[in-house]
Amino acid sequence: QVQLVESGGGLVQAGGSLRLSCAASGRLFSRYAMGWFRQAPGKERDLVAAISGNGVNIYYADSVKGRFTISRDNAKNTVYLQMNSLNSEDTAVYYCAVDRVPFRMVVGGRGPADCGSWGQGTKVTVSS
């Protein structure tokens, strides 16, 4: 039902920054927690950051804490991932996803099975 479209990926030098965007359809966008996952070649798809529907509760994976910032603009049905101080370990395809249930406030400790709709992914490549 929900359509998600990511953008903003690309090639960046180590130490650089990118901002990913995920535009969502649906009139009830603000009810749902949103997350950013990433998947490197040969590895599992892991949660990078997540944010509750009202933007109050936020989760970051330890590997990106202090470098990445997740935010959302419910008026625009859009969630963002600001990525700073990028390194080669950040190279992956990044996916936007929406929670399966509304009004969830605990956004950490979740996996791909907890998500409903997914975006098509946007590739981030960090050169050393």
Side-chain angles (χ1 to χ4, degrees):
Q1 185 70 265
V2 178
Q3 181 71 37
L4 304 174
V5 180
E6 301 106 327
S7 62
L11 175 64
V12 64
Q13 298 288 329
S17 298
L18 286 173
R19 188 177 76 160
L20 307 183
S21 298
C22 174
S25 65
R27 63 184 180 87
L28 303 178
F29 175 76
S30 64
R31 295 187 178 187
Y32 290 84
M34 301 289 295
W36 285 98
F37 291 75
R38 69 184 181 186
Q39 188 168 25
K43 296 188 176 181
E44 297 182 353
R45 186 176 298 188
D46 294 324
L47 181 64
V48 175
I51 185 169
S52 61
N54 62 7
V56 172
N57 299 94
I58 293 175
Y59 164 85
Y60 296 105
D62 289 342
S63 59
V64 306
K65 196 173 298 181
R67 299 188 297 121
F68 290 10
T69 302
I70 189 171
S71 62
R72 65 191 296 161
D73 186 342
N74 287 341
K76 296 182 178 180
N77 274 27
T78 302
V79 62
Y80 305 95
L81 186 67
Q82 178 66 46
M83 306 185 295
N84 299 326
S85 301
L86 288 163
N87 58 63
S88 60
E89 296 180 354
D90 298 315
T91 295
V93 177
Y94 285 72
Y95 298 90
C96 178
V98 62
D99 203 347
R100 288 189 178 274
V101 298
F103 305 115
R104 182 175 178 84
M105 293 292 102
V106 179
V107 295
R110 314 303 291 179
D114 299 307
C115 302
S117 298
W118 292 85
Q120 83 286 353
T122 184
K123 188 176 183 179
V124 172
T125 302
V126 184
S127 62
S128 301

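Residues take their numbers from the sequence shown, with the count starting at 1. Please read all numbers here as calculations on a predicted model, not as lab measurements.
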Trainee: Under the ring pair (Phe, Tyr, Trp, His ring centres under 6.0 Å) definition, can you give me all pairs with a residue in residues 14-34, not counting sequence neighbours?
Mentor: none

Trainee: Using distance only, find each side-chain donor-acceptor pair of residues 44-53 under 3.5 Å and give its atom names and separation, not counting sequence neighbours.
Mentor:
residue : atom : partner : partner atom : Å
Arg45   : NE   : Gln39   : OE1          : 3.3
Arg45   : NH2  : Gln39   : OE1          : 3.4
Ser52   : OG   : Asn54   : OD1          : 2.8
Ser52   : OG   : Val56   : N            : 3.3
Ser52   : OG   : Asn57   : N            : 3.0

Trainee: Among residues two or more places apart or on two chains, list those pairs meeting ring pair (Phe, Tyr, Trp, His ring centres under 6.0 Å) that have a residue in residues 67-108.
Mentor: none

Trainee: Identify every side-chain donor-acceptor pair in residues 118-128 under 3.5 Å, counting partners at least two apart or on other chains, and give the distances.
Mentor:
residue : atom : partner : partner atom : Å
Gln120  : OE1  : Glu6    : N            : 3.3
Gln120  : NE2  : Glu6    : O            : 3.0
Thr122  : OG1  : Gly9    : N            : 3.1
Ser127  : OG   : Gln13   : OE1          : 3.1
Ser127  : OG   : Gln13   : NE2          : 3.3

Trainee: Which heavy atom in Ala113 sits nearest to a heavy atom in Arg100, and how many Å separate them?
Mentor: O-NE, 2.9 Å

Trainee: Write down the atom of Arg104, the atom of Ala33, and the distance for their closest heavy-atom approach.
Mentor: O-CB, 4.1 Å

Trainee: Any ring pair (Phe, Tyr, Trp, His ring centres under 6.0 Å) involving residues 2-25? Give me the pairs, sequence neighbours left out, ordered by first then second residue.
Mentor: none

Trainee: How about CZ on Arg67, more than 12 heavy atoms from neighbouring residues, nucleotides or ligands closer than 6.0 Å, or not?
Mentor: yes

Trainee: Any side-chain heavy-atom pair from Val2 and Leu4 closer than 4.5 angstrom?
Mentor: yes

Trainee: Is the closest side-chain heavy-atom distance between Gln82 and Ser71 below 4.5 Å?
Mentor: no

Trainee: Who are the side chain to side chain contact (heavy atoms under 4.5 Å, CB included) partners of Ser7, not counting sequence neighbours?
Mentor: Ser21

Trainee: Dump the intermediate steps for salt bridge (Lys or Arg N to Asp or Glu O under 4.0 Å) on Arg110 and Asp99, then the final yes or no.
Mentor: CA-CA 9 Å; Arg110 314 303 291 179; Asp99 203 347; 5.5 Å; no

Trainee: Is there a donor-acceptor contact under 3.5 Å from the side chain of Thr78 to the main chain of Lys76?
Mentor: yes

